[in-house]
2 protein chains.
Amino acid sequence: MTSRADAKDATRRRLLEAAGEVIREQGAPALSLREVARRAGIVPSAVYRHLASRDELITQLVLAAYTSLAEHLETTVAASSPSWRTAADALREWTLAHVHEFQLIYGTPVPGYRAPEETITAAARVAAVFLQVGAVSGAPPDALAEQLREPAAQLGTDVTTLARTLADLSQLVGLLTLELGGHFVGTADPAQGLWDEVVARQAAERAPSR
Amino acid sequence: MTSRADAKDATRRRLLEAAGEVIREQGAPALSLREVARRAGIVPSAVYRHLASRDELITQLVLAAYTSLAEHLETTVAASSPSWRTAADALREWTLAHVHEFQLIYGTPVPGYRAPEETITAAARVAAVFLQVGAVSGAPPDALAEQLREPAAQLGTDVTTLARTLADLSQLVGLLTLELGGHFVGTADPAQGLWDEVVARQAAERAPSR
DNA sequence: CATATGAGTGAACACCGTTCTCTCAACGGA
DNA sequence: TCCGTTGAGAGAACGGTGTTCACTCATATG
């Protein structure tokens with residue numbers, strides 16, 4: 001028995017799938033609500049029966065991108081050794097295969113768009129993978145340690161590992177951002193070699209967990 | 001004697017200034033050619049007497065942003081000690097004061113926009129500052145060294161310094177990108193403490209040039 | 001069976017980038 | 001000095017966008 005509610009859910013799903021296609025093909029800024037409606041076989045105004053606005057559509061896609069990345073990291077790490085190198089390379093692999101989704105997450109926020117609460121928890125799932133594969137010793141400066149004490153406890157790690165993980169993850173995201181943005185053209189493009197060198201240095205500072 | 005050519009140049013300058021204002025206030029994605037025309041006291045179609053398209057307008061703004069950043073770095077480094085820390089902190093200072101311009105350079109490329117040749121040379125000027133303040137010793141892996149040999153020679157530096165500078169700069173850009181994107185909310189936001197720790201570590205690996 | 005609900009429609013609004021034709025003031029040459 | 005050329009700007013129009021609103025009408029429910 002297909003109820004009306006089921007039909008509505010199906011349409012909503014079709015909308016999100018169509019939007020996902022557009023993003024994958026052309027990137028987020030080119031995403032048009034009317035184009036999505038067209039692909040879903042619906043008139044533009046009908047989209048508003050399922051989504052409050054274009055912003056909510058984008059929010060859903062951001063969440064989907066986070067989930068996709070987190071799952072890729074989790075399964076890759078689970079399938080091989082839980083090392084920093086494995087996680088880092090999985091990040092690069094996913095990014096190169098999902099350029100537009102990477103930029104949707106880590107690139108410039110869309111015009112009027114402001115990330116809602118939900119996306120923060122989704123982002124935490126990505127960070128969690130890296131936190132688990134790379135404990136590090138030593139101690140950050142007092143001010144930073146103070147700031148990170150509570151977050152570290154909440155994430156089940158220590159301030160040193162948290163600080164280093166955030167720092168190293170920033171470097172990985174920065175490398176990918178600059179590579180995708182064409183900033184290495186003329187120097188380290190393609191950036192695989194630079195990536196490998198950076199990841200090797202990051203891994204060397206961690207306990208060999210394999 | 002104000003010739004017609006002078007008047008044209010003045011109008012073009014007014015257009016670019018208006019566009020700069022919009023970017024500063026609302027960011028690049030919100031930049032509308034019609035709004036720029038309005039602020040310049042001109043009808044939209046007249047803009048095309050001065051610019052080929054919205055893309056060229058954006059290209060001009062990208063170049064202006066690179067120039068602004070490069071000049072800030074150069075004057076700051078020249079005014080105080082030419083150390084890595086000075087350059088890095090100048091980068092952060094400029095970024096926090098010019099958020100939208102930073103994202104224009106390092107964020108997601110605008111929809112159909114593709115960076116032309118000119119921007120690459122403008123970007124090199126920024127990198128040059130960092131290359132000059134932080135020589136580093138050691139040697140990168142063979143493959144990377146091979147790839148960077150020619151670019152390094154062209155930039156008047158060695159492969160080791162180039163590799164490390166690109167890697168460290170990526171980390172700085174990554175930190176700023178994540179901070180501006182709200183990715184540190186709940187952990188290291190505001191990110192000044194994390195920034196200081198990262199820069200200190202980067203500086204420690206360089207020859208004390210002060 | 002009557003009624004209320006709500007997914008989908010189509011027209012409209014104000015915005016966008018871009019193209020076209022037109023005007024008309026300023027310029028250079030005769 | 002006149003006169004033809006040039007080119008900056010105007011204005012209308014095209015097809016695109018996000019969003020709102022009154023409407024239909026099949027479905028689910030009392």
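Protein chains get the first letters and strands the later ones, always in sequence-line order, with residue 1 at the start of each.
Rounded to a whole Å, the CD atom of B:Glu35 is 7 Å from the P atom of C:dC16. Rounding to whole angstrom units, CG of residue A:Asp9 and P of C:dA7 are separated by 10 Å. Per the geometry, CG belonging to B:Leu15 stands 12 Å off P belonging to D:dA8, to the nearest Å. If you measure from atom CD of A:Gln26 to atom C1' of D:dG16, you get 14 Å, rounded to the nearest angstrom. Computed from coordinates, the A:Arg49 CZ to D:dT27 C1' distance equals 15 Å when rounded to whole Å. Following rounding to the nearest Å, A:Ile42 (CD1) and C:dA7 (P) show an atom-to-atom distance of 10 Å. Residue A:Asp55 contributes atom CG, which lies 12 Å from atom C1' of D:dT19 at whole-angstrom precision. Taking atom CG of residue A:Leu33 and atom C1' of nucleotide D:dT17, one finds them 9 Å apart after rounding to whole Å.
Residue contacts shown for A:Arg38 are limited to sugar-phosphate atoms, with no base heavy atom under 4.0 Å away. A:Arg12 comes within 4.0 angstrom of nothing in the nucleic acid, heavy atoms only.
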* To do: Evaluate the criterion side-chain contact (heavy atoms from CB on, under 4.5 Å) for residue pair A:Leu73 and A:Trp94; output intermediate values, then yes/no.
  => CA-CA 8 Å; A:Leu73 292 176; A:Trp94 182 88; over 6 Å; no
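For A:Arg54 against D:dG18, no side-chain N or O and base N or O form a donor-acceptor pair under 3.5 Å.
Ion pair B:Glu21/B:Arg24 not flagged as a salt bridge, since none of the NZ, NE, NH1 or NH2 atoms sits closer than 4.0 Å to an Asp/Glu carboxylate oxygen. Between A:Glu35 and A:Arg38, at least one side-chain N (NZ, or NE/NH1/NH2) sits under 4.0 Å from a carboxylate O, which counts as a salt bridge. Electrostatic pairing of A:Arg85 and A:Asp89 counts as a salt bridge here, judged by a charged N lying under 4.0 Å from a carboxylate O.
Side-chain N or O atoms of A:Ser68 include none that pairs as donor or acceptor with a backbone N or O of A:Ala64 at under 3.5 Å.
For B:Ser32, counting side-chain heavy atoms from C-beta on, the closest listed nucleotide (C:dT9, C:dG17, D:dT19) is C:dG17. The side chain of B:His50 sits closest to D:dA8 out of D:dA8, C:dA7, D:dA10. You'll find that the side chain of A:Arg34 is closest to C:dA12, out of C:dA12, D:dA10, C:dG17.
Between A:Ser45 and D:dT19 there is no side-chain N or O to OP1 or OP2 distance below 4.0 Å.
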